[in-house]
Amino acid sequence: MPDFFETDEIVKSYDGTIVKRIFSYVKPYRMLLALSALTLALSTVGELVLPILVQRTVDEALVVSWASIDPAAVSDPRLRGLDIDDTAPRVEGRLFIREGSITSLALRDRTSLEADGLLDAGPYYLTPAGDGFVLPDAIKRDLDKANGPRLVDGWFIAPSAYMGSLAASDARALRTADRSVVSAYGWLLLVVLLVVLASTFSQAWSTSLIGQNVMKDLRMDLFRRTSGQSQAFLSKQPVGRLVTRLTGDVETINEFFTSVIVAFIKDASVMAGALVVLFAMSPRLGFIALATLPPVLVATGISRRKARDAFRRQRTWLSRVNAFIAEHIAGIAVVKLFGRERASSAAFDQKDAELMKANLGEMLVYATFRPLIEFFSSVSTAIILWFGAGLHDKGLITLGALIAFVNLIRMFYSPLQDISEKFTILQSAMAGGERVFKLLDADERIPDEPSRSLPSPVRGHIEFDHVWFAYKGDDWVIRDLSFTVEPGETVAIVGYTGAGKSTVGALLARLWDPQQGEIRLDGIPIRNLPLAELRASIRPVMQDVFLFSGTVAGNIDLGLGLERPAVEAAARAVRAHGFIEKLDGGYDAKLGEGAATLSSGQRQLLSFARVVAHNPSIVVLDEATSSVDTETERLLQEGLSELMRGRTTVAIAHRLSTIRHADRILVLADGRLAETGDHDSLIVRGGIYYNLYKLQYQMEATTRS
C-alpha cells in the first residue's frame, strides 16, 4: 500500500535557530537556569581541584623533596620565572625551595647552575625542628655523619636517600608533621567531594526541572496548535505521527536539557580546565598531551557525520512505524474481516526491518566510537607515563605532578568517551525539535478574525449564497449552492452518495471554508463571527459517534460542569436514561476508548443527550439514525421531537423514512440543489427524490420478504 500521507524529511544536523527557539521556553525559569549554571560551575571546579589536591598531598607530604639555592643567585637570569617565596627556609646560608619549583627550569640552565654550585637539586628532606620535635635514637646516632642528617638553624635536614633507608617506625616518628599535612589535605579533599556531590545533585535536579517544565509548556503549545488546525491539515497527518510529535519528539527536547546541554558545557569546561592545569603543572608534558589530540578530533568528526545520518534514518523510520501501527490498530476490525492479517504483517515486517537497520546503524556508530576513544585514552596515558618517567628521572617533573597528569588525562578523555552518546541525543533533539517546530509553524487553521458577534439569543436563520467548495483543487463537491433555512425550521438534505450532503454540515460549522460564495447565520457572514460563538450555536450529531474514555456523565457533560440532574434530564429527553441506569455504575459507568462495550444505537443516544445538554440554537443531524435498529430508532424519534423543538435543524439522511415530516427537503445532485419541497410534493414531482424513495422502498420490501 503506498504512503498517502506527506513525508517528513529531516534535513538539518544542528540548527542554531532550533536551539534558540528551544531556549525561548526557558525564559520563565531563569532562576532555575541561574542555579543550574552556578552548581555546574561549582561541580566543574571541584572536579578540577581534586587532582591538584592529590598532587599537593604527594609532593608536600608523601614525597617531600627540597632543593637549595645560593641566595646570591636569586637574580641570576637563568632562574627567571622561578617564584622564590620570601618565607622560603634558610639553612646554613642557603635558600630551600620545593623540588617542584625547579622543574620549570630549562634543562640547560639547570645543569649550568648545578655546575656553578648555585643550585643543589638534592633532593633533601626538610622539616622544622621546633618545640616538641623528638628524634628517634637511631637518627640521633646518625647526626652529622657523612651523607647523614643534620639539625641546623631550627631545621632537620637529610638527604632523601637517607630517609629511604630508615626503618618504618623511625620514619613514622620523624614525619609527624607530614601526617598532619596529609590529614589536612584529606579533610579538604572530603569537603571538595561533598561540594561536588551537592552541586552535582542540585545541577541535575534544576536541569531536570527546567526540562520537565519546558516539555510541559511545549507539549501544551503543540497540542493547542494541532487541535486548532483545519480538517484539511489534519487529514494529511497520520495519528501515529502526531502522537510521536507530542510524546517522543518532545521527550528528546527534554533530554536535550537534562543530558546534552549540561553535559556539553561541563565536558567542554572540564576538558579546557584539564588542559590549563596540565600546562600549568608541566608545559613539557602539556604539549605532549596536546600532540595526542589530532587523531581524536578526526575520529570525532567522522563519528559526528556518521551519527547524523544514522539518527536521521532512525527518527524517520520510527515515525513511519508509529503511523503504521496507529492506523492498523484503529482499523483492526477491517483487517480481520478482509483477511489482511498476513498482508499487514508483511507490510509491517518491511517497515520494522528498516527501523531495525536504522537502530543498528545508530548502535554501530556508538559501538565503534566509544572503544576508539578508550583506545586513544590508553595510548595517551601510556605516552604520558613514558615521557613523564623520563622527565621525572631528570628532575623535570615531580611524582605528584605525574600522578595528577594521569588523572587529568583520564578526566580529559572521559567526556570524549561520552560524546557519541551525547551526540546521539543531540541529533535526536535536533530532529525532534525540527519536527516539533515544523508542526508548530504549520498554520492551516480556519481564520478566526471576527468583526461581529452573534446576537443573543441566536435566531438560527441560515443562508447559503452561491457556495462553491472543493476538498482538493478544482474537484468541486459543492457547486453554486444557494438555500435558506428559517429559524426553527427543520430542513432535510438528501441525495445520492457523494452529492455533498455531509459537506454542507461541515461548511456550516466552519470545519472547512468555501472557496467561493458566502454562508450567513442570522444575516452575518460566518467568516466574521468568532469561531467559539459559531460552534457553540451549532451542535452536530454525527453518523460515526466518538465517545471519550471516562464516565457516561462526563461524555454527556463534555466540560460544561453540569449538575447531575441536568445531565439526567438531557438523557431522559432522548430516551437514553433507561439503558444508562442498567449499566454497571449508571451515569458513573466507565467507558473505554471509543465506548466499544456499548452498541452503536446506545452510543448514538448518548451523542443526542450530549447535544441536548449543550442546548444549541442549531442542530445538524448527519445520518444520525442510520446505524440504529428499529426499536432504538423509535426511541430516537421520540427524543428528536424534544431535541428539535424551538431549534433550527438540518437533517442529513439516507433513510428517507426518518425525514418524511421535515418542513422542507433539499435534494442535492452532483453538489447542486436539484429539488426542494416537502415529502409529498417531491413524490408527486417524480424526480430524483421520488427515485431515491422508490429505490429505498423496494430495498426495504425485499429485505422484509
Side-chain angles (χ1 to χ4, degrees), residues 49 52-75 79 82-105 110 113-114 117-192 281 392 395 397-404:
V49 165
I52 298 176
L53 291 178
V54 171
Q55 179 257 329
R56 293 288 181 87
T57 304
V58 172
D59 289 344
E60 296 181 13
L62 297 180
V63 181
V64 183
S65 298
W66 293 78
S68 69
I69 296 177
D70 189 334
V74 171
S75 59
L79 290 174
L82 192 64
D83 185 17
I84 301 177
D85 199 329
D86 293 337
T87 60
R90 185 181 292 266
V91 181
E92 294 181 325
R94 294 182 70 88
L95 292 173
F96 280 79
I97 60 175
R98 295 280 184 180
E99 184 186 17
S101 299
I102 64 173
T103 57
S104 60
L105 294 177
R110 177 173 173 168
L113 286 168
E114 288 178 338
L118 300 177
L119 172 66
D120 182 3
Y124 295 98
Y125 175 77
L126 188 69
T127 188
D131 295 338
F133 181 75
V134 179
L135 281 175
D137 292 338
I139 298 178
K140 287 180 180 179
R141 291 192 294 268
D142 293 335
L143 286 175
D144 299 325
K145 289 183 178 180
N147 297 322
R150 302 190 306 278
L151 278 173
V152 183
D153 299 333
W155 292 86
F156 174 83
I157 182 171
S160 293
Y162 172 80
M163 295 297 297
S165 66
L166 291 176
S169 57
D170 293 337
R172 187 180 305 110
L174 179 64
R175 302 188 65 179
T176 303
D178 294 333
R179 289 202 301 274
S180 298
V181 174
V182 171
S183 178
Y185 275 121
W187 283 108
L188 182 58
L189 191 69
L190 179 61
V191 170
V192 173
M281 286 186 175
H392 179 66
I397 188 172
T398 64
L399 180 61
L402 185 57
I403 294 173

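A quick note: this is a predicted structure, and the numbers were derived from the prediction, not measured.
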Listed partners of R150 passing salt bridge (Lys or Arg N to Asp or Glu O under 4.0 Å), at least two apart:
E92
Residues in side-chain contact (heavy atoms from CB on, under 4.5 Å) with A161, at least two apart?
none
Only counting residues at least two apart or in another chain, list the ones meeting side-chain contact (heavy atoms from CB on, under 4.5 Å) with V181.
A61, Y185
Test side chain to side chain contact (heavy atoms under 4.5 Å, CB included), reference L151, set I157, I139, L135, output is L135
Do you know which two heavy atoms are closest between [X] and [Y], and how far apart they sit?
X	Y	result
R94	D70	NH2-N, 3.6 Å
L95	A88	CD2-O, 4.2 Å
P149	A158	CB-CB, 3.8 Å

side-chain contact (heavy atoms from CB on, under 4.5 Å) between V152 and W155, worked out:
CA-CA 5 Å; V152 183; W155 292 86; 5.9 Å; no
Once you round to the nearest 0.5 Å, how far does CG of L143 lie from NZ of K140?
9.0 Å
Any pair with a residue in residues 156-169 that passes side chain to side chain donor-acceptor pair (under 3.5 Å), sequence neighbours left out, goes on the list, sorted by first then second residue, please.
D142-Y162
Test side chain to side chain donor-acceptor pair (under 3.5 Å) applied to R98 - qualifying residues, sequence neighbours left out:
none
Ignoring hydrogens and angles, tell me if any N or O in the side chain of T57 forms a donor-acceptor pair with the backbone of L53 under 3.5 Å.
yes
For a quick test of your reading: what N or O donor-acceptor pairs under 3.5 Å do the side chains of residues 117-129 make, sequence neighbours left out?
| from | atom 1 | to | atom 2 | distance (Å) |
| --- | --- | --- | --- | --- |
| D120 | OD1 | G122 | N | 3.1 |
| D120 | OD2 | Y124 | OH | 2.4 |
| Y125 | OH | D178 | OD2 | 2.7 |

